[in-house]
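Residue numbering restarts at 1 for every chain, and letters A, B, ... go by the order of the sequence lines.
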2 protein chains.
Amino acid sequence: MPESPGFAHAAWLMADPARAMMLMALTDGRARPAGELARAAGITPQTASVHLARLHAGGLLAMETQGRHRYYRMAGDHVAQAVEQLAAIRPLPQPARTVVGRKGRLLRHCRTCYDHLAGRVGVLVTRALVYQGFLVAVADKRFEVSRSGATWFSALGIDVDTLRPTRRGIARQCLDSTEREHHLAGPLGRRLLESLCDRGWLRRSREPRVIQVTPAGRQALKRYLGVDPERAASPHGQ
Amino acid sequence: MPESPGFAHAAWLMADPARAMMLMALTDGRARPAGELARAAGITPQTASVHLARLHAGGLLAMETQGRHRYYRMAGDHVAQAVEQLAAIRPLPQPARTVVGRKGRLLRHCRTCYDHLAGRVGVLVTRALVYQGFLVAVADKRFEVSRSGATWFSALGIDVDTLRPTRRGIARQCLDSTEREHHLAGPLGRRLLESLCDRGWLRRSREPRVIQVTPAGRQALKRYLGVDPERAASPHGQ
DNA sequence: TCGATGCTTCGTCCCGCGGCGAACCATCAC
DNA sequence: GTGATGGTTCGCCGCGGGACGAAGCATCGA
């Protein structure tokens, strides 16, 4: 009668295709009503209701009632991070490589991960910030912001000192599921994405999670960070 | 016909109790033969064989054949990270929620964990020690004490060099059950708690496990570590 | 060569869980 | 009030997959 480890339950909740689809639809951090999630998962409302109740009881989703609607959202970024971490586990590559469509390429290139920047652009930006000494990777999957980093961020209108740190600090290392390298997450990551969008350097696409780099953004990334995502080589060479 | 997201498969592999037990047995990073894992999971060898093959194909485990034995180990650090991340997701404790009274709050705030400091204060102190570079989180759930750290501890009358290391070293990372973050354990953790009590900065309460921070202690924590536990944001405040 | 050991494959049983239709409950509009 | 809409609960069905016994395959020791 070996008791199953605690993580098995959370894993079980994520394992079902319908539940996984709903979690996927919530990766942007926004809250959605149950019906919309049912449609996103391709199941009937009553089935979705059971799933959502389980995800809620399991601590994966937070729920808020508004009138006759029930809005669900991720219970926290630790859940989103678990999803990302799981997505980084890839089955042994069988002979054929999967065909990636246009949308897949766009997502790989630049997307949001919960509430911050991810994909190749997210990784390149983070890598540059570390390379320039603005961020320092420290223990416990965190980043530390250096003095020069604080100055750099303030040039973007981000006052690092006024950011409210969460339990896990102000800047976290989040494993990018497609690039298999860390990108910037946490309050600072969220604020950075916000700021880049405000400046018109990045633009949210109509497709969920897809982010576009504007021409002005491309110039700015090159100038301020020496990053040119269009020309960067793919990380996983083969 | 929505295709289920990629992470669902990895989650499914972790969701089964037997597979979870085997993964658990491999969290130390060492390789173990199939039979031993079967025993650890409490299942027959033939059942374990199927599970292990799936975990291997799914990219969670690496396999190595030696003679008639087959050794399995974690496929990489990213798998262990995913397990940890999932373990951090806890179902919301419905009944206990309302029962968390004064004593519960006190325990959450500051308590002993076996022989060392835990709770919010324990985590904040540890976080500060890492942030200041006195402790460095290294592999195998250990902390290393830096040069500056040794100096800092000696100012508290703790001679790091004379501490008798156990099998797992002198300073361990212990996952805090309420804060979901590591705090300092091991001989150094024990000694630190002892020292803070001796100086009158902390005081054991009459209730078991509860620790009180004295006014002098609050001042000292702020001065020496920049930590003010009374003002720190609530851990589970979203 | 022969038996012992470690692991896998095959065949079979059966429980758990996801799915939907129908009915029920709550809120909003009028 | 009535009807409409969003969400949940109930009941039943079907299937996927996890369990083990038995048999098969490979390697080691003598």
Side-chain angles (χ1 to χ4, degrees), chain A residues 1-5 8-26 30-58 60-73 91-92, chain B residues 1-5 7-26 30-58 60-73 91-92 94:
Chain A
M1 33 256 287
E3 181 184 340
S4 66
H9 185 241
W12 174 75
L13 286 169
M14 294 187 182
D16 178 79
R19 286 194 291 260
M21 291 289 292
M22 296 195 278
L23 285 173
M24 204 66 178
L26 292 169
R30 290 163 40 98
R32 287 175 218 288
E36 187 177 330
L37 293 171
R39 257 180 290 114
I43 54 179
T44 57
Q46 64 266 33
T47 304
S49 178
V50 178
H51 286 315
L52 289 170
R54 282 179 180 162
L55 288 170
H56 178 56
L60 275 75
L61 296 186
M63 193 254 291
E64 204 172 338
T65 304
Q66 255 178 44
R68 52 184 168 184
H69 297 271
R70 283 200 175 178
Y71 284 90
Y72 290 90
R73 60 178 169 76
L92 296 183
Chain B
M1 359 279 52
E3 180 184 344
S4 66
F7 68 87
H9 185 239
W12 174 75
L13 286 169
M14 293 187 181
D16 179 79
R19 286 196 289 260
M21 291 287 291
M22 296 196 277
L23 285 172
M24 205 65 178
L26 292 170
R30 290 166 37 100
R32 287 175 219 288
E36 189 176 330
L37 293 170
R39 257 180 290 114
I43 53 178
T44 58
Q46 64 267 32
T47 304
S49 179
V50 178
H51 286 315
L52 290 170
R54 283 180 178 160
L55 288 170
H56 178 55
L60 275 74
L61 296 185
M63 194 255 288
E64 204 172 339
T65 305
Q66 257 179 44
R68 52 185 167 184
H69 297 272
R70 283 199 176 179
Y71 286 89
Y72 290 90
R73 59 179 168 77
L92 20 122
Q94 304 285 23

Chemist: Counting only heavy atoms not in B/Arg73, do more than 12 fall under 6.0 Å of its CZ?
Modeler: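 Atom CZ in B/Arg73 is not packed in, count stays at 12 or less.
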
Chemist: Are A/Arg70 and C/dT27 close enough that a side-chain N or O sits under 4.0 Å from OP1 or OP2?
Modeler: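 No, no such contact exists.
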
Chemist: Could you check how far CG of A/Leu55 sits from P of D/dT8, rounded to whole Å?
Modeler: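 The answer, rounded to whole Å, is 12 Å.
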
Chemist: Tell me whether the OP1 or OP2 atom of C/dC17 has a side-chain N or O from A/Arg54 closer than 4.0 Å.
Modeler: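 Answer is no, no contact under 4.0 Å.
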
Chemist: Of the listed nucleotides (C/dT8, C/dG18, C/dG19), which one gets closest to any side-chain atom of A/Ile43?
Modeler: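 Nearest to the side chain of A/Ile43 among the choices is C/dG19.
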
Chemist: I'd like to know if A/Gln46 reaches the base of D/dG7 with its side chain, counting only an N/O donor and acceptor under 3.5 Å.
Modeler: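 No.
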
Chemist: Could you state the CG-P distance from A/Asp16 to C/dG16, rounded to the nearest angstrom?
Modeler: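 Rounded to whole Å, this separation is 17 Å.
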
Chemist: Nearest whole Å is fine: how far is D/dA19 P from B/Met22 CE?
Modeler: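 Taking CE of B/Met22 and P of D/dA19, I get 9 Å after rounding.
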
Chemist: Using atom CE of B/Met63 as one end and atom C1' of C/dG6 as the other, report the distance to the nearest whole Å.
Modeler: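 Going from B/Met63 (CE) to C/dG6 (C1'), I get 13 Å.
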
Chemist: Please say which of B/Leu23, B/Ile43, B/Leu52 ends up in a side-chain contact (heavy atoms from CB on, under 4.5 Å) with B/Leu37.
Modeler: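 Checked B/Leu23, B/Ile43, B/Leu52 against B/Leu37; only one passes side-chain contact (heavy atoms from CB on, under 4.5 Å): B/Leu52.
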
Chemist: Can you check the A/Arg19 CZ to C/dC17 C1' distance for me, whole Å?
Modeler: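 Checked: the CZ to C1' distance equals 9 Å.
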
Chemist: Nearest to the side chain of A/Thr44 - C/dG21, C/dT8, D/dG18?
Modeler: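 Out of C/dG21, C/dT8, D/dG18, the nucleotide with an atom closest to A/Thr44's side chain is C/dG21.
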
Chemist: Rounded to the nearest Å, what distance is computed from the NE2 atom of residue B/His51 to the C1' atom of nucleotide C/dT8?
Modeler: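 Between C1' of C/dT8 and NE2 of B/His51: 14 Å.
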
Chemist: Would you say the side-chain atoms of A/His56 pair up with the backbone N or O of A/Ala62, donor to acceptor, closer than 3.5 Å?
Modeler: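 Between the backbone of A/Ala62 and the side chain of A/His56 there is no qualifying donor-acceptor contact (under 3.5 Å).
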
Chemist: Of A/His69 and B/Thr47, whose nearest nucleotide on DNA chain D comes first from the 5' end?
Modeler: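 Looking at DNA chain D, the more 5' nearest nucleotide goes with A/His69.
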
Chemist: Main chain of A/Trp12, side chain of A/Arg19: is a donor-acceptor contact present, judged purely on distance under 3.5 Å?
Modeler: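 Looks like yes, one N/O pair under 3.5 Å.
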
Chemist: Round to a whole Å and report the spacing from CH2 of B/Trp12 to C1' of C/dG18.
Modeler: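 My rounded result for the distance is 15 Å.
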
Chemist: Could you state the atom-to-atom distance from NE2 of B/His56 to P of C/dC7 in whole Å?
Modeler: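 Roughly 15 Å, once rounded to whole Å.
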
Chemist: Heavy atoms only, 4.0 Å cut-off, all strands: where does A/Tyr71 land among base, sugar-phosphate and nothing?
Modeler: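 It contacts nothing in the nucleic acid.
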
Chemist: State which of C/dG18, D/dG7, C/dC7 makes the closest approach to the side chain of B/Pro33.
Modeler: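 The closest nucleotide is C/dC7.
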
Chemist: Got a donor-acceptor contact below 3.5 angstrom from the B/Arg32 side chain to the B/Tyr71 backbone?
Modeler: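 Not confirmed, B/Arg32 side chain does not pair with B/Tyr71 backbone.
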
